[in-house]
Number of protein chains: 2
Amino acid sequence: MSPKALRPGTKAAQPSEGLLDLRALQRTPGFMLRLAQLKFFEGFYEEFAALGLTPATYAIFVVIRDNPGVPPSSLASVLRLRLPNLIKILNELESSGFIKRNRSKSDRRAIELMLTPKGAKLIQEGARLTAPYNKKMLAPLDEAEQRSLLELLNRILRF
Amino acid sequence: MSPKALRPGTKAAQPSEGLLDLRALQRTPGFMLRLAQLKFFEGFYEEFAALGLTPATYAIFVVIRDNPGVPPSSLASVLRLRLPNLIKILNELESSGFIKRNRSKSDRRAIELMLTPKGAKLIQEGARLTAPYNKKMLAPLDEAEQRSLLELLNRILRF
DNA sequence: TATTGTTATACTCTATAACTATA
DNA sequence: TATAGTTATAGAGTATAACAATA
């Protein structure tokens, strides 16, 4: 692969950035996943800032859109958020008029989450930014490689 | 691919987890990267807890080991940590006797970071856990796919 | 004046415990 | 008694501003 700066075992002092031997980290999937995720989230904030969407609220909108009536507990589970932390976000989204909470008729403890028309409009606008955003983030990969990456990630997570 | 629960546009109420339509998120690289990273970090804490290593300190040890004399500013840059946040971790690692700070002779503002023998021993023990840990995390992928994933992540990050 | 390292501090994200209302 | 949702709160991670020492 990339013949990286070979810096043998010299005791050379203060190596400056760019000349560092990072090969061990480059072979560490967890570290590379962290850097990739940081890159995607930073890019997301730039791209979606005008709409006020964050990665978390984007995912929340998408799941409610595709699963109207989903309860907070299921939503927290699939998004890997703790329920109390999700509730805080839902409170903001509801008081801003983007989502609605309905009491279930069959189990009056349960909440059914729905998008309001305002929320549906917001995620629809967000969805229009998604393709160009992903394209920019994945620019170094060709189409087949982009599909491959997604498939490998899905397999790791056993979806 | 996986013929996922097809749930057409029924207005069906309170879909329970496992029956949710998550196809949009599964096609969202940023979201899948977040889930994969969470999986790797949770697995890391289980595997390395006995040694007291975190993902952050593991990476710090590896970079100093492979680049003795590296200054904090370069370290922060490659690990994508803000310098003040890295300094706090370095203070703990130094007072625990794992690393040492030397003043540079040529530029007396600069710090050269080194592992102590104790620190070198710790990362050596940590390195022995790395292969089995990565193998467990990547178990759903065969060898070629594991290499492919790493290479795609490296390309995204232009390493 | 600019740069390296450092401290102090604020903010966001995440985690746990406890409460309510329904079952 | 157990469960879904909620509140309060503590902790970890991450951000900016300001300062000391040196260049």
Side-chain angles (χ1 to χ4, degrees), chain A residues 13-17 30-31 34-35 37-39 41-42 44-46 49 52-60 64 69-95 99-114, chain B residues 13-17 31 34-35 37-39 41-42 44-45 49 52-60 64 69-95 99-114:
Chain A
Q14 63 266 46
S16 45
E17 192 206 338
F31 180 78
R34 175 177 172 272
L35 291 193
Q37 199 244 22
L38 279 177
K39 178 194 165 97
F41 274 35
E42 286 166 9
F44 188 97
Y45 281 107
E46 290 175 21
L53 284 170
T54 67
T57 55
Y58 178 92
I60 289 168
I64 300 178
V70 62
S73 52
S74 298
L75 188 54
S77 174
V78 300
L79 300 184
R80 301 290 246 104
L81 298 173
R82 299 286 164 148
L83 196 45
N85 301 325
L86 173 62
I87 297 290
K88 274 190 293 189
I89 303 175
L90 293 180
N91 288 344
E92 290 167 15
L93 295 181
E94 186 177 37
S95 62
I99 66 169
K100 201 158 58 84
R101 278 190 250 228
N102 293 330
R103 277 283 159 200
S104 165
K105 309 260 183 186
S106 51
D107 181 344
R108 299 193 40 74
R109 294 171 301 182
I111 293 286
E112 299 169 1
L113 296 170
M114 313 281 282
Chain B
Q14 63 269 44
S16 44
E17 192 205 338
F31 180 77
R34 175 176 172 270
L35 290 192
Q37 198 245 23
L38 278 177
K39 177 193 166 100
F41 274 35
E42 286 167 9
F44 188 99
Y45 281 107
L53 284 170
T54 67
T57 56
Y58 178 92
I60 289 169
I64 299 178
V70 62
S73 53
S74 297
L75 188 53
S77 174
V78 300
L79 301 184
R80 301 291 244 107
L81 298 172
R82 299 288 163 147
L83 196 46
N85 301 324
L86 172 62
I87 297 289
K88 274 190 293 188
I89 303 175
L90 294 180
N91 288 344
E92 291 166 14
L93 295 181
E94 186 176 39
S95 62
I99 67 169
K100 200 157 59 84
R101 277 189 249 227
N102 293 330
R103 276 285 157 199
S104 166
K105 309 258 185 188
S106 52
D107 182 344
R108 297 192 44 72
R109 293 171 302 180
I111 292 286
E112 299 169 1
L113 296 170
M114 313 282 282

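Throughout, a chain's letter reflects where its sequence line sits, starting with A, and its residues are numbered from 1. Treat the numbers as computed from the prediction; the structure is a model and nothing was measured.
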| task | Mark yes or no for whether Ser77(A), through its side chain, and Ser73(A), through its backbone, hold a donor-acceptor pair below 3.5 Å. | result | no
| request: Specify the separation, in whole Å, of atom CG of Leu90(B) and atom P of dG5(C). | output: 10 Å
Between protein and nucleotides 19-23 of chain C, what N or O pairs are separated by less than 3.5 Å?
| unit_1 | atom_1 | unit_2 | atom_2 | d |
| --- | --- | --- | --- | --- |
| dA23(C) | OP1 | Arg108(A) | N | 2.9 |

| query | Taking CG from Leu75(B) and C1' from dT4(C), how many angstroms apart are they, rounded to a whole number? | reply | 14 Å
| message | Below the 4.0 Å mark, does dT3(D) have OP1 or OP2 next to a side-chain nitrogen or oxygen of Ser73(A)? | response | no
| note | Whole-Å distance, Leu83(B) CG to dA20(D) P, equals 18 Å
| remark: Hits for side chain to side chain contact (heavy atoms under 4.5 Å, CB included) against Glu94(A), two or more places apart or cross-chain, chain-then-number order -> Ile99(A), Arg101(A)
| note | A correct 5'-to-3' footprint of nucleotides 10-17 of chain D, with B, S and - meaning base, sugar-phosphate only and no protein heavy atom under 4.0 Å, is ---SBBBB
| request: Using whole Å, report how far CD of Glu112(B) lies from C1' of dG5(C). | output: 14 Å
| field | Distance, rounded to the nearest Å, where Ile89(A) contributes CD1 and dA15(C) contributes P | value | 12 Å
| Protein-nucleotide distance (Ile87(A), atom CD1; dT16(C), atom P), rounded to Å | 17 Å
| said: So, applying side chain to side chain contact (heavy atoms under 4.5 Å, CB included) with Pro72(A), which one of Leu81(A), Leu83(A), Ile60(A) is it? | reply: Leu83(A)
| query | Under the side chain to side chain contact (heavy atoms under 4.5 Å, CB included) test, which residues partner Arg82(B), sequence neighbours left out? | reply | Pro84(B), Asn85(B)
| message | According to ring pair (Phe, Tyr, Trp, His ring centres under 6.0 Å), who are the partners of Phe31(B), at least two apart in sequence or on a separate chain? | response | none
| Residues in side chain to side chain donor-acceptor pair (under 3.5 Å) contact with Arg108(B), at least two apart in sequence or another chain | none
| request: Would you confirm whether Arg103(A), through its side chain, and Arg109(A), through its main-chain N or O, come within 3.5 Å as a donor-acceptor pair? | output: yes
| task | Using whole Å, report how far CG of Leu113(A) lies from P of dA4(D). | result | 14 Å
| Got a second to check how far Leu75(A)'s CG is from Leu90(A)'s CG, nearest 0.5 Å? | 6.5 Å
| query | Whole-Å distance between dT14(C) C1' and Phe41(B) CZ? | reply | 14 Å
| Can a side chain N or O of Asn91(B) be found less than 4.0 Å away from OP1 or OP2 on dT7(C)? | yes
| field | Nearest atoms (heavy-atom pairs only) where Thr57(B) meets Gly52(B) | value | OG1-O, 4.4 Å
